[in-house]
Amino acid sequence: MHYIIANWKSHKTAAEAEEWLTAFAAQQMSIANETEVIVAAPFSLLAAVASALKVPALSHLKLAVQDISPFPAGAYTGAVSVRNLAGFGVEYAILGHSERRRYFHETHQEIANKIDQCLSAGITPIVCVDNEYIVEQAAAIPDEHRSQCLVAYEDLAAIGTGNNTALAEVLEQFKIIKAAFGEVPTIYGGSVNGSNTKEYLAHSDGVLVGTASLKVEDFLAVINAA
Ligand code: PGA
């Protein structure tokens, strides 16, 4: 299985999301077998995106969130719990993205708690790691949860810079990930675009796409390369 994940981060308005989905639907893309195309939308757009995905032309797209509360439903003002996602059809959650670690000071333990929450709700965690802390992050996650994660390797220097990490380096990091997490699917992220996707997909289980997921034509180029 190949996972192609659009990470919209905090970019889009509801109108822009609708425009993107309408343009995507109009392409009537045939998605290769064994390929899962996932859109990670901001919480505020989940209802709109979930509703758009009900049309047949978009029914092959899967929905993800970009974060989740480390706590269950309850008195946690401002947090979005897995219970709050009920009914939206969210199947995946990007967790521990380096932007969350860097700007929101998330710890390995908090990310492990978020993984716990997701798994309790049947949501598959896509755990992001950089080379400095693969082993520490894995160690914070209980064994039985670790094997249920997809793990995305993203070098900070490659995110949003146009400097995608050399394949040889990515493969080295995948080895470290598999040693720490077990035989989990490994995904590459960091300046993925239509021109470099094929190379990464030949050696990985997927790509996590930020900048090149924002314009529908750029994202279609990634899918077409798959
Ligand atoms: P990028 O972002 O494709 O813009 O490098 C990837 C990510 O942060 O997941």
Side-chain angles (χ1 to χ4, degrees), residues 2-12 16-17 20 24 35-43 45-46 49 61-68 90-106 108 110-111 114-115 118 123-134 137 149-167 169-171 173-174 177 181 184-226:
H2 276 143
Y3 301 90
I4 300 181
I5 307 151
N7 179 6
W8 285 352
K9 305 192 180 182
S10 311
H11 288 290
K12 289 191 185 301
E16 287 162 354
W20 191 104
F24 193 97
T35 301
E36 186 103 308
V37 180
I38 302 167
V39 176
F43 290 127
L45 304 184
L46 276 185
V49 176
L61 290 188
K62 307 291 182 185
L63 189 56
V65 287
Q66 303 169 12
D67 185 33
I68 199 66
V90 172
E91 293 183 48
Y92 297 90
I94 297 174
L95 300 179
H97 191 283
S98 57
E99 288 151 12
R100 303 268 344 147
R101 297 178 192 259
R102 192 174 174 190
Y103 302 120
F104 300 89
H105 312 291
E106 283 185 5
H108 302 322
E110 276 165 339
I111 293 157
K114 292 176 183 205
I115 292 169
C118 283
I123 295 169
T124 302
I126 302 167
V127 183
C128 300
V129 293
D130 195 353
N131 41 6
E132 283 167 36
Y133 51 76
I134 293 169
Q137 179 60 80
C149 297
L150 312 183
V151 182
Y153 171 68
E154 297 203 307
D155 182 347
L156 208 58
I159 297 177
T161 58
N163 298 320
N164 52 300
T165 311
L167 180 64
E169 173 64 17
V170 173
L171 296 181
Q173 298 302 326
F174 282 176
I177 289 171
F181 281 79
V184 291
T186 44
I187 291 166
Y188 170 72
S191 297
V192 169
N193 58 37
S195 319
N196 59 34
T197 294
K198 206 175 174 67
E199 184 185 28
Y200 290 114
L201 283 186
H203 300 275
S204 73
D205 300 299
V207 285
L208 179 49
V209 189
T211 310
S213 75
L214 296 177
K215 287 196 189 140
V216 85
E217 59 269 29
D218 293 343
F219 192 58
L220 291 170
V222 170
I223 296 175
N224 279 326

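All figures in this text were calculated on a predicted structure; none of them were measured in a lab. Whatever order the structure lists ligands and atoms in, that order sets their numbers, starting from 1. Residue numbers run from 1 in the order of the sequence given. Keep in mind that the numbers below use all heavy atoms, side chains included, and drop hydrogens, waters and symmetry copies.
- When the side chain to side chain contact (heavy atoms under 4.5 Å, CB included) test is applied to L214, the partners found at least two apart in sequence or on another chain are W8, H11, K12.
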With the criterion set at N/O pairs under 3.5 Å, what does the list of contacts between the protein and ligand 1 look like, atom names and distances included?
unit_1: ligand 1; atom_1: 2 (O); unit_2: K9; atom_2: NZ; d: 3.4
unit_1: ligand 1; atom_1: 3 (O); unit_2: G210; atom_2: N; d: 2.8
unit_1: ligand 1; atom_1: 3 (O); unit_2: T211; atom_2: N; d: 3.4
unit_1: ligand 1; atom_1: 4 (O); unit_2: T211; atom_2: N; d: 2.9
unit_1: ligand 1; atom_1: 4 (O); unit_2: T211; atom_2: OG1; d: 2.5
unit_1: ligand 1; atom_1: 5 (O); unit_2: G160; atom_2: N; d: 2.6
unit_1: ligand 1; atom_1: 5 (O); unit_2: S191; atom_2: N; d: 2.7
unit_1: ligand 1; atom_1: 8 (O); unit_2: K9; atom_2: NZ; d: 2.7
unit_1: ligand 1; atom_1: 8 (O); unit_2: H97; atom_2: NE2; d: 2.7
unit_1: ligand 1; atom_1: 9 (O); unit_2: H97; atom_2: NE2; d: 3.2
unit_1: ligand 1; atom_1: 9 (O); unit_2: E154; atom_2: OE1; d: 3.4
unit_1: ligand 1; atom_1: 9 (O); unit_2: E154; atom_2: OE2; d: 2.8

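- Take A226 and apply the side chain to side chain contact (heavy atoms under 4.5 Å, CB included) test, not counting sequence neighbours, and it matches I4, L201.
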Worksheet entry | Residues Y153, T186; criterion side-chain hydrogen bond (donor to acceptor under 3.5 Å, both in side chains); working and verdict | CA-CA 7 Å; Y153 171 68; T186 44; over 6 Å; no
Item to complete: Let me see the working for R101 and H108 under side-chain hydrogen bond (donor to acceptor under 3.5 Å, both in side chains), right down to the final yes or no.
Response: CA-CA 9 Å; R101 297 178 192 259; H108 302 322; 3.1 Å; yes
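- With sequence neighbours excluded, no residue satisfies side chain to side chain contact (heavy atoms under 4.5 Å, CB included) with K198.
- Interatomic distance, E99 CD to L156 CG, rounded to the nearest 0.5 Å: 8.5 Å.
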